[in-house]
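Here the structure comes first, spelled out in structure tokens, and everything after it is commentary.
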Amino acid sequence: MNELFHKLRKYEIMIRKVANNHLQGEYQSLFKGSGLEFDDLRPYQYGDDIRTIEWKVSAKGHGTFVKTFREDKEQSVFFLLDISGSQDIGQPGNKKIDQGKTIAGVLTLAAVFEGSQVGLISYSDKKEKLILPSKGSKQGVKMIRGIFDHENISLKTDLNSMFMFALNLIKKRAVIVIISDFIDEGYERPFRALAERHDVVAIQLTDPRESALPSLGIIPVFDKEKGKTTWVNTAFGSFSKKIADTFTSEREHLKDICKKNQINYLAIDTTQDIVGPLLELFKYRNKSMKRG
């Protein structure tokens, strides 16, 4: 565990140093989000941002009203970590699940350093681990243990269930960092609902072999989630093309949902070092905060 903490801390310090050099000390905005929570309604005034109009109230015909906000100094950061069987792809020690846990661990330490409350929901097709938000170094240790020491109850995936669980649990606006390969169907509605209520970051984990199967002839493919083996002929060009097309279309579908619902999207490949992509995410969010 000490070795793990040392590794995560090294990553976290490296990211913070580079981010502070490039972002003029605004690195913490990844966790602070808008830093605002709903306070009250007041009549619309010339010059108000139309994004703050409360349309449901305004539609009643008593005038146009806008939402007012106040700074929320106790905003929580929740990590939604997908630990299902489809994450177990990649080189030993550097699989999607390893990458996901490392990212969650590094961002946990960074959030704790910035004084944020941090919490964890690890999920397969059911709740695997829940740590309610709190602050401080003890919470950081609890989170790291929860992320790395947990052994799965199930290997199946149910993103719809994970997002519904989060919607029912997290009532107050929070920064929600979802770390998953997003290999599932039918999760769109609660995913969008999370984005309406919270500041959502979607980190998609990928591995090269998901989109480019080598031509090896007839090979056994073991589905870890279903626990069964299927024989497939990888020599057929149409099979490889179908795999690549499916991967591309599903990824574009996710990116499109994120774009339409103001969800920050980031893809990280198992062959990548996490520092560069995470820095790009910080930069993007900083620009968004300034525009807002």
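All heavy atoms count here, side chains included; hydrogens, waters and symmetry mates do not. Counting from 1, the numbers follow the sequence of the chain as shown.
Applying the salt bridge (charged side-chain N to carboxylate O under 4.0 Å, His left out) criterion to R192, with sequence neighbours excluded, gives no partner residue. Partners of H150 by side chain to side chain contact (heavy atoms under 4.5 Å, CB included), not counting sequence neighbours, listed by chain and number: I83, E128, K129, N152. The side chain to side chain donor-acceptor pair (under 3.5 Å) check on T102 picks up nothing, with sequence neighbours excluded. With sequence neighbours excluded, no residue forms a salt bridge (charged side-chain N to carboxylate O under 4.0 Å, His left out) with K142. For E3, the salt bridge (charged side-chain N to carboxylate O under 4.0 Å, His left out) criterion is met by no residue, not counting sequence neighbours. For A193, the side chain to side chain contact (heavy atoms under 4.5 Å, CB included) criterion is met by L167, not counting sequence neighbours. Q272 meets the side chain to side chain donor-acceptor pair (under 3.5 Å) test with no other residue; sequence neighbours excluded. The salt bridge (charged side-chain N to carboxylate O under 4.0 Å, His left out) search around R189 returns none, not counting sequence neighbours. Residues passing the side chain to side chain donor-acceptor pair (under 3.5 Å) test with S180 are D82, sequence neighbours excluded. By the side chain to side chain contact (heavy atoms under 4.5 Å, CB included) test, I53 is found to be paired with Y44, I50, W55, S58, T64, V66, residues two or more places apart in sequence or in another chain being considered. By the ring pair (Phe, Tyr, Trp, His ring centres under 6.0 Å) test, F78 is found to be paired with no residue, residues two or more places apart in sequence or in another chain being considered.
Nearest approach of L205 to G100, heavy atoms of both residues: CD1-CA, 3.6 Å. Minimum heavy-atom separation, S86 to T157: OG-OG1, 4.0 Å.
For an aromatic pair to be called close, the ring centres must be under 6.0 Å apart, and F191 with F182 satisfies this.
No donor-acceptor pair closer than 3.5 Å links the side chain of H198 to the backbone N or O of V175. Checking side-chain atoms of T108 against main-chain N and O of A104 turns up a donor-acceptor pair under 3.5 Å.
Inter-residue side-chain proximity for V141 and F5 is flagged as met; some heavy-atom pair is nearer than 4.5 Å.
When only modelled atom types and interatomic distance are considered, D125 and S154 share a side-chain donor-acceptor pair under 3.5 Å. The closest side-chain donor-acceptor pair between D207 and T270 falls under 3.5 angstrom.
The distance from atom CG of D184 to atom OG of S84, rounded to the nearest 0.5 Å, is 8.0 Å. The CD1 atom of I257 sits 11.5 Å away from atom CD of E252, with the distance rounded to the nearest 0.5 Å. How far CG of D199 is from CG of L194: 11.5 Å, rounded to the nearest 0.5 Å.
At most 12 heavy atoms of other shown residues, nucleotides or ligands fall within 6.0 angstrom of atom CZ in R145.
Listed by first and then second residue, the salt bridge (Lys or Arg N to Asp or Glu O under 4.0 Å) pairs involving residues 259-282 are D256-K260, E280-K283 (not counting sequence neighbours).
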